[in-house]
Amino acid sequence: MLPSEFHIKIDEERELRLISMSDAVALAALIDQGRPYLREWMGWVDTSQTVEDSREYLRYELGRYHNRESLQMTLLYRGNIAGQLGFNTIYWRSRRTEIGYWLGEQYQGRGLMTDAVKAMTTYGFRSLGMHRIEIRCAVDNRKSRAVPERLDFQQEGILRDNEWLYDHFVGHVVYSMLENEWRPA
């Protein structure tokens, strides 16, 4: 069961918090600061231009959360929004989900996303009863691919030309972890 409000503390400087409408201004600012950087791999960047766009996204995802369809979290670092991650769609009958994530450019290189994905994976298996968690990354996005590789997710294959990214197709590498394989350090 999904709680109505919660957070996952990673350490003294980092935590995951359920998205909130109060995140709209900071989220829009973080996207705007890193627009060229994020646009390289995130197909949604051009549709998120204003604070109102962020509010619309948050309303949509909170609705999906309350319908038990997804779980999106804000990644906080020293009290500031550093990025976002979550279970894009939860397939309760199959007990599986997929983690998606993005991080502001100025927060790269600190292990923030690796630790956040580790916390989400543990939560998915231990609290939500998931059996399988997937991560899909663009084939050439080495930084994004490094996260599941560091956490020993198994690479299963490549989905060729899986996403239209502005003016070209990109393939995705599929990684997975099964609940009986998960051994967080």
Side-chain angles (χ1 to χ4, degrees), residues 1-21 23 27 30 41-44 57-77 81-104 107-108 110-139 141-159 162-163 172-185:
M1 184 55 101
L2 297 173
S4 61
E5 195 174 302
F6 74 102
H7 74 277
I8 300 169
K9 188 170 182 154
I10 297 171
D11 61 25
E12 292 304 313
E13 295 185 321
R14 302 172 294 177
E15 72 175 297
L16 302 176
R17 181 179 36 80
L18 179 65
I19 58 169
S20 166
M21 292 303 294
D23 294 337
L27 199 58
L30 185 62
W41 301 113
M42 301 289 118
W44 49 262
Y57 161 77
L58 291 165
R59 271 191 294 274
Y60 172 76
E61 285 298 340
L62 285 167
R64 292 186 73 226
Y65 173 76
H66 292 298
N67 289 331
R68 302 188 55 202
E69 298 169 0
S70 75
L71 170 61
Q72 297 298 322
M73 304 288 279
T74 300
L75 170 56
L76 299 170
Y77 176 65
I81 294 178
Q84 196 174 25
L85 74 156
F87 299 137
N88 294 338
T89 301
I90 301 171
Y91 301 93
W92 293 100
R93 179 171 285 188
S94 300
R95 294 178 46 217
R96 69 179 173 89
T97 190
E98 179 185 328
I99 297 177
Y101 47 87
W102 65 271
L103 191 62
Y107 296 102
Q108 294 284 319
R110 301 173 193 202
L112 295 175
M113 195 53 72
T114 299
D115 289 344
V117 169
K118 181 193 297 185
M120 282 298 289
T121 302
T122 299
Y123 182 79
F125 289 138
R126 294 190 180 154
S127 298
L128 298 184
M130 293 293 110
H131 174 71
R132 175 185 170 88
I133 296 177
E134 291 181 11
I135 296 175
R136 296 179 183 197
C137 307
V139 171
N141 188 343
R142 292 303 313 158
K143 289 180 182 179
S144 188
R145 289 182 62 182
V147 172
E149 290 171 2
R150 277 188 213 107
L151 296 173
D152 294 325
F153 276 64
Q154 297 296 309
Q155 181 177 329
E156 292 190 337
I158 295 176
L159 302 172
N162 192 58
E163 178 185 16
H172 285 171
V173 181
V174 178
Y175 297 91
S176 71
M177 180 64 67
L178 302 179
E179 82 183 297
N180 64 331
E181 299 169 339
W182 183 238
R183 307 275 184 265

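For R59, the side-chain contact (heavy atoms from CB on, under 4.5 Å) partners at least two apart in sequence or on another chain are M21, E52, R55, E56. Listed by chain and residue number, H172 satisfy the side chain to side chain donor-acceptor pair (under 3.5 Å) test with E163 (two or more places apart in sequence, or in another chain). Here W102 pairs with W44 under the ring-ring contact (aromatic ring centres under 6.0 Å, His included) rule; sequence neighbours left out. Listed by chain and number, the residues in a side-chain contact (heavy atoms from CB on, under 4.5 Å) with A82 are L75, Y77, L103, Y107, L112 (sequence neighbours excluded). For the side-chain contact (heavy atoms from CB on, under 4.5 Å) test, no residue two or more places apart in sequence or in another chain qualifies with R183. Under the side-chain contact (heavy atoms from CB on, under 4.5 Å) criterion, N141 pairs with W41, A138, K143, S144, not counting sequence neighbours. Residues satisfying the side chain to side chain donor-acceptor pair (under 3.5 Å) criterion with D23, sequence neighbours excluded, are R17, T74. Qualifying salt bridge (Lys or Arg N to Asp or Glu O under 4.0 Å) partners for R145, counting only residues two or more places apart in sequence or in other chains: E149. Residues meeting the salt bridge (Lys or Arg N to Asp or Glu O under 4.0 Å) test with E13, sequence neighbours left out: R78. When the salt bridge (Lys or Arg N to Asp or Glu O under 4.0 Å) test is applied to E156, the partners found at least two apart in sequence or on another chain are R132.
Without hydrogens or angle criteria, T97 side chain to T89 main chain gives a donor-acceptor distance under 3.5 Å.
Contacts classified as salt bridge (Lys or Arg N to Asp or Glu O under 4.0 Å) and involving residues 112-129 (residues at least two apart or in different chains) are given here: R14-D115.
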